[in-house]
Amino acid sequence: MNKTTATDVQHMVHQIIADLNHKPGALMPILHAIQDELGYIPSDSVPAIAEGLQITRAEVHGVISFYHDFRASAPGKHTIHICRAEACQARGCRALERHAQQTLGVDYHQTTLDGDITLEAAYCLGNCATGPSIRIGDDIHGRVTPARFDALIDQLQTVPLAIQPVLAKEDNTHG
Amino acid sequence: MVKVFVPRDTTALSLGANEVAAILQRACADRSVDIELVRNGSRGLFWLEPMVEVETDQGRMAYGPVTPEDIPALLDEGLLDGQPGHSLYLGPTEEIPYLKNQQRLTFARAGIIDPVSLDDYIHHGGYVGLRKALARIPQEIVDEVKASGLRGRGGAAFPAGIKWQTVLDADARTGSSPYSKRKFIVCNADEGDSGTFADRLVMEADPFMLIEGMTIAGLAVGADTGYIYLRSEYPVAHKILNEAIARAGKAGYLGNNVLNSGKAFHLEVRLGAGAYICGEETSLLDSLEGKRGQVRVKPPLPALKGAFGQPTVVNNVLTLAAVPFILAEGGQAYADYGRGRSRGTLPFQLTGNIERGGVVELAFGVTLRELLEDYGGGTASGRPMRAVQVGGPLGAYMPEGQWDTPLDYEAFSEVGAVVGHGGIVVFDDTVDMLDQARFAMEFCAVESCGKCTPCRIGSTRGVEVIDHIRDNQERDYHLNLLEDLCDTLEDGSLCAMGGMTPNPVRSALNHFPDDFHQDRTTASRTPAGEA
Ligand SMILES: Cc1cc2nc3c(=O)[nH]c(=O)nc-3n(C[C@H](O)[C@H](O)[C@H](O)COP(=O)(O)O)c2cc1C
Ligand code: SF4
Ligand code: FES
């Protein structure tokens, strides 16, 4: 992904639009497909989407901004969603959320300074009998105590050495 | 070869089921034992997950909750022969009282079959309903659903048969629309309510049942296309559904010519994007059409002008999942369960601070207390239970005095509560009900579609007012203001998001007034987002 150039992106966006345009109500599938590829929906892909679907740019923007999932800027390498909803509250998610924000040094919708982790809020992950629950990428974890949270973060930061960015990594004590 | 089952639904995975499966396979290979590993769905006994089952001559034997570290000892002590001995041995799965005492119609196959095996599904009674439906005219199918007394399981409890009748009778030839003459089946799989996961477990443990239910709905009303609008928070369900749909298509259960009947039914999963309001049916339809998920003014009803302006059945996952049983066994067989006007069964979901969390499918009429105590076994923390929220974030908090209420739509409504989608969230005595009321307002502010001022702005005001109450700033004035705000939300909201947010707020105020009159000058609570 690091080597993806602007023209690659444009090409890919056009390809996605061409592939999905025929679907009734194609906008949501197109936005999901772009975000799956890039992690976000670049603002310069909006004109192409608008043109492909014969709607206005304002309409495309309106849809992107309406939904919590869609992002207009790149997320960190990993996205962590913490469930904030009632069943997880009953199991301590308020304390978990404070712990996560403090250890990562970020609030919701923010990315750690080293670009590693984006923190997001979720309102129920459907894992309500075994909370607190969090989601990392497509993996959902149950009974996440603060200690377990730290262990999961450690795993994220230590396991995939091979795909670490070339940039020097800061340690995690900022903020 | 021994058949061993390790579930792969979200909850089992969230507790390490993949690691258990991997270690088990490796350990068996090391010991040169061949096993057939089946990745089933959970039985819904979540406190026992990951629960490993082994098929024996005496039926399936269960062990749980299993960690990877337990595997060597389990194998040493005869796991593969279903032997007792290890402390995690639970005996025959079907004899576990939590499961044995249920009345499982919708969850009859959950955890038993491989969710994406069509053979398994058919061997366990699947597609009997569709075959019967194919032998009937549409009106007879609708009549069967009417006879079952089935009411929508998504929250509003509207009779499914009457909705289907409206769509069957609707004239689909609307003007020059490219969708003219068409009707649609839309499955509401947005399951946004906290404390609910029954839809998810249907999709992850028995997806063909939903596919069959939607296909029958298509036959009943004359729709050739269905959409499952699935929340994006369910990546596991997404994968399993797509796999099941592909397999059903290959085997001729979906497509242009369903089981050579000459009838077409196509099915596609569409993902939401993290908006609670898209569970509301008209907002869902706008989202499906590629718009902002804003609530539409009714009328027109979606049954007449739904997806792409065409007549549309919008039903919850559990509603559609009940249909194969109703067609296979007859509407009366379903209606034989239940109480009053609440017919059939509901999969209740025990969640939050509960010792034995999971899915408990029972006929309507069981009391909340029976569920909390006999099934749930009290709180997980071991502390006294204090409040129970039933029916999702828009449902009331119920104090102990109300726990003997039988779970049926009318009985709950009499005490100002809702059954909704059957989610039950338990809190122990450390809960601060002012925090819960505040969260209800905050949630409404975050998830409002923005159409109505009371909902959009009033909810933010609600958070501020509750903060003033907490900080003891002109408390009586602000308590009155909170009541006024609740009135405004109830009167001035287009849908239940704004209209029912007062439920959790008022029930917290009325049943737990102490929490709103405490001196909190020493409170150390940090509001979300301030860390
Ligand atoms: C704010 C709000 C959220 C809702 N969320 C859901 C949901 O997540 N799933 C669902 O099936 N119904 C939900 N509903 C109810 C739907 O609007 C609709 O009644 C339902 O999909 C109809 O299907 P049923 O008759 O089978 O229940 C919601 C309603 C409101 C007002
Ligand atoms: S009550 Fe709220 S969510 Fe419902 S239509 Fe009005 S603004 Fe939208
Ligand atoms: S409330 Fe957190 S997973 Fe449902």
Side-chain angles (χ1 to χ4, degrees), chain A residues 23-32 35 53 55 59-60 62-70 81 83-92 94 97-102 105-109 120-131 133-135 137-144, chain B residues 10-11 13-15 46-47 49 179 191-197 199-200 231-237 270-276 287-294 307-308 349-354 357-358 380 389 393 423 425-428 431 435-436 439 443 446-447 525-526 528-529 531:
Chain A
K23 284 180 185 284
L27 182 54
M28 294 285 282
I30 287 172
L31 294 177
H32 271 300
Q35 184 150 309
L53 294 177
I55 54 180
E59 281 172 296
V60 180
V63 170
I64 294 171
S65 62
F66 181 85
Y67 295 95
H68 300 307
D69 279 2
F70 295 135
H81 285 86
C83 176
R84 297 193 65 219
E86 290 88 341
C88 285
Q89 291 164 9
R91 301 300 285 137
R94 287 191 179 94
E97 140 184 294
R98 280 197 298 277
H99 172 82
Q101 290 173 338
Q102 272 157 21
V106 292
D107 202 341
Y108 285 123
H109 319 304
E120 295 287 350
Y123 295 92
C124 192
L125 297 163
N127 200 34
C128 328
T130 52
S133 304
I134 70 170
R135 174 178 179 177
D138 274 351
D139 294 327
I140 287 153
H141 301 268
R143 296 201 192 109
V144 182
Chain B
T10 297
T11 294
L13 294 180
S14 84
L15 301 173
F46 287 148
W47 82 99
E49 293 294 354
Y179 303 103
E191 198 166 56
D193 290 358
S194 166
T196 66
F197 42 67
D199 293 350
R200 169 179 72 69
R231 66 200 303 254
S232 60
E233 289 85 345
Y234 284 180
V236 179
R270 288 292 178 89
L271 276 189
Y276 176 78
S287 180
L288 184 67
E289 292 176 9
K291 302 177 192 147
R292 297 159 67 90
Q294 281 190 316
F308 310 105
Q349 299 129 81
L350 287 176
T351 77
N353 195 335
I354 188 92
Q389 188 180 30
V425 183
V426 177
F427 294 81
D428 73 9
V431 67
D435 276 351
Q436 299 312 117
F439 178 78
F443 183 69
V446 173
E447 298 297 341
R525 217 166 274 106
T526 315

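Sequence lines set the chain letters: A, B, ... in the order given, protein chains first and strands last, and positions in each chain run from 1. Heavy atoms only: backbone and side chains are in, while hydrogens, waters and symmetry mates are out.
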Could you tell me if the ring centre of A:Y123 sits under 6.0 Å from that of B:F443? yes

Region of B:Q389 in contact with chain A, defined by heavy-atom distances below 4.5 Å: side chain

At a heavy-atom separation under 4.5 Å, does B:Y276 approach chain A through its side chain, its backbone, both, or neither? neither

I'd like to verify something: which residue of [options] has the highest number of heavy-atom pairs under 4.5 Å with chain A?
| options | answer |
| --- | --- |
| B:A273, B:P235, B:G290 | B:A273 |
| B:V446, B:D199, B:V426, B:L288 | B:V446 |
| B:I354, B:L13, B:L271 | B:L271 |
| B:A275, B:G272, B:A307, B:A237 | B:G272 |
| B:R270, B:Q349, B:E289 | B:R270 |
| B:P393, B:G358, B:G423 | B:P393 |

Less than 4.5 Å apart, any side-chain heavy atom of [X] and any of [Y]?
| X | Y | value |
| --- | --- | --- |
| B:E447 | A:H68 | yes |
| B:D435 | A:Q89 | no |
| A:C124 | B:T196 | no |
| A:M28 | B:S232 | no |

Taking [X] for its side chain and [Y] for its backbone only, find out whether a donor-acceptor pair lies under 3.5 Å.
| X | Y | answer |
| --- | --- | --- |
| B:S194 | A:A87 | yes |
| B:R200 | A:G126 | yes |
| A:R91 | B:A380 | no |

Where is the tightest heavy-atom contact between [X] and [Y], given as atom of each residue plus distance?
| X | Y | answer |
| --- | --- | --- |
| A:G25 | B:F308 | N-CE2, 3.6 Å |
| B:S287 | A:Y67 | OG-OH, 2.9 Å |
| A:A90 | B:G352 | CB-CA, 4.0 Å |
| B:R292 | A:G62 | NH1-O, 2.8 Å |

Mind checking side-chain hydrogen bond (donor to acceptor under 3.5 Å, both in side chains) for B:D428 and listing every partner two or more places apart, or none if nothing turns up?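 Once residues adjacent in sequence are excluded, the partners of B:D428 under the side-chain hydrogen bond (donor to acceptor under 3.5 Å, both in side chains) criterion are B:N353, B:S381, B:T430.
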
What's the verdict on side chain to side chain contact (heavy atoms under 4.5 Å, CB included) for B:S14 and A:R143, showing C-alpha distance, side-chain angles and the deciding distance? CA-CA 8 Å; B:S14 84; A:R143 296 201 192 109; over 6 Å; no

Contacts of type salt bridge (Lys or Arg N to Asp or Glu O under 4.0 Å), residue B:E233, not counting sequence neighbours: B:R231

Which bit of [X] is near chain B, if near means a heavy-atom gap under 4.5 Å: side chain, backbone, both or neither?
| X | value |
| --- | --- |
| A:P29 | side chain |
| A:D139 | neither |
| A:S133 | neither |

Which of A:V63, A:L53, A:N127 touches chain B most, by non-hydrogen pairs under 4.5 Å: A:N127

